[in-house]
Structures are given as structure tokens and as C-alpha cells.
Amino acid sequence: MKQVVIDQYECIGCGACVELCPDIFAFNDDENKAYVVTPEGGDQACIDEAIASCPASCISEEEI
Ligand code: SF4
């Protein structure tokens, strides 16, 4: 099973992933970083697009 993960340290807070997949990612305004709200995933095409679009390349899917 896969889990969607954001490397919080690398995230630059651009918000692209949240705009692309609001069901999967949300924005933490206090920390100015995105976080994963649905680690189990969802729309795979959307997740793939977010991974490809992240300027910090900090979104990944890990086997758990
Ligand atoms: S697209 Fe990447 S850098 Fe931008 S908010 Fe999402 S995880 Fe952070």
C-alpha cells in the first residue's frame, strides 16, 4: 500500500499541490507549508500531476 508524503523541510509553500488536489493536500498558514490530509491517496492522476508540478520535488509516494 502506498502513502502520499510531503517532506515538510523541503516544501517552499508555493501552494501548487493544494490548488491541484485540494482533496489530498491542504495548506498550513502558520507554517507556510502544505501537508497531506489524505495519505491513503485518491485521484492518482491528480497526485501524479502534483508530484510532477512541485517545484521543490518534495512530494512522494512511499510503500508502507
Ligand atoms: S507543490 Fe511542493 S513546494 Fe509547493 S506547497 Fe506543495 S509540497 Fe510545498
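Ligands are counted one by one from 1 in listed order, and the atoms in each one are counted from 1 as well.
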Colleague: Give a yes or no on whether Cys14 keeps an N, O or S atom under 2.8 Å from atom 4 (Fe) of ligand 1.
Modeller: yes
Colleague: Looking at atom 8 (Fe) of ligand 1, what's its closest protein heavy atom, distance included?
Modeller: Cys11 SG, 2.4 Å
Colleague: Under a 4.5 Å cut-off applied to non-hydrogen side-chain atoms, are Asn32 and Phe27 in contact?
Modeller: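 Side chain of Asn32 against side chain of Phe27, heavy atoms only: contact under 4.5 Å found.
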Colleague: Suppose we measure from atom 5 (S) of ligand 1 to each protein heavy atom; which comes out shortest, and what is that distance?
Modeller: Gly15 N, 3.2 Å
Colleague: Could you walk me through whether Gln44 and Glu49 pass side-chain hydrogen bond (donor to acceptor under 3.5 Å, both in side chains), step by step?
Modeller: CA-CA 8 Å; Gln44 189 62 45; Glu49 197 177 345; over 6 Å; no
Colleague: When hydrophobic residues are tied together by side-chain contacts of less than 4.5 Å, even through go-betweens, does Ile51 share a cluster with Ile24?
Modeller: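 The answer is yes; both residues are in one hydrophobic cluster.
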Colleague: With atoms numbered from 1 as shown, which atoms in ligand 1 lie under 4.0 angstrom from a non-hydrogen atom of Ala34?
Modeller: 5 (S), 6 (Fe)
Colleague: In Å, rounded to the nearest 0.5 Å, how long is the span from CD1 of Ile47 to CG of Asp23?
Modeller: 10.0 Å
Colleague: Take Cys54 and Cys14 through the test disulfide (SG to SG under 2.5 Å) and record every step on the way to the result.
Modeller: CA-CA 8 Å; Cys54 175; Cys14 72; 5.9 Å; no
Colleague: Measure the distance from atom 2 (Fe) of ligand 1 to every protein heavy atom, then report the residue, atom name and distance (to 0.1 Å) of the closest one.
Modeller: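 Protein heavy atom at minimum distance: Cys54 SG, 2.3 Å.
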Colleague: Could you tell me whether the side chain of Gln8 and the main chain of Ala34 form a donor-acceptor pair under 3.5 Å?
Modeller: yes
Colleague: Heavy-atom pairs closer than 4.0 Å: do any link ligand 1 to the side chain of Ile59, the backbone, both, or neither?
Modeller: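 Ile59 to ligand 1: side-chain contact only, backbone stays beyond 4.0 Å.
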Colleague: Among protein heavy atoms, which lies nearest atom 3 (S) of ligand 1, and at what distance?
Modeller: Ile12 N, 3.5 Å
Colleague: Students should be able to answer this: which protein heavy-atom is nearest to atom 7 (S) of ligand 1, and at what distance?
Modeller: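 Going atom by atom, the protein heavy atom closest to atom 7 (S) of ligand 1 ends up being Cys58 SG, 3.5 Å.
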Colleague: Identify the closest protein heavy atom to atom 6 (Fe) of ligand 1: which residue and atom is it, and at what distance?
Modeller: Cys17 SG, 2.3 Å
Colleague: Just so I know, are the side chains of Asp43 and Cys21 near enough to count as touching, which here means a heavy-atom distance under 4.5 Å?
Modeller: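 Result no, sub-4.5 Å side-chain heavy-atom pair not found.
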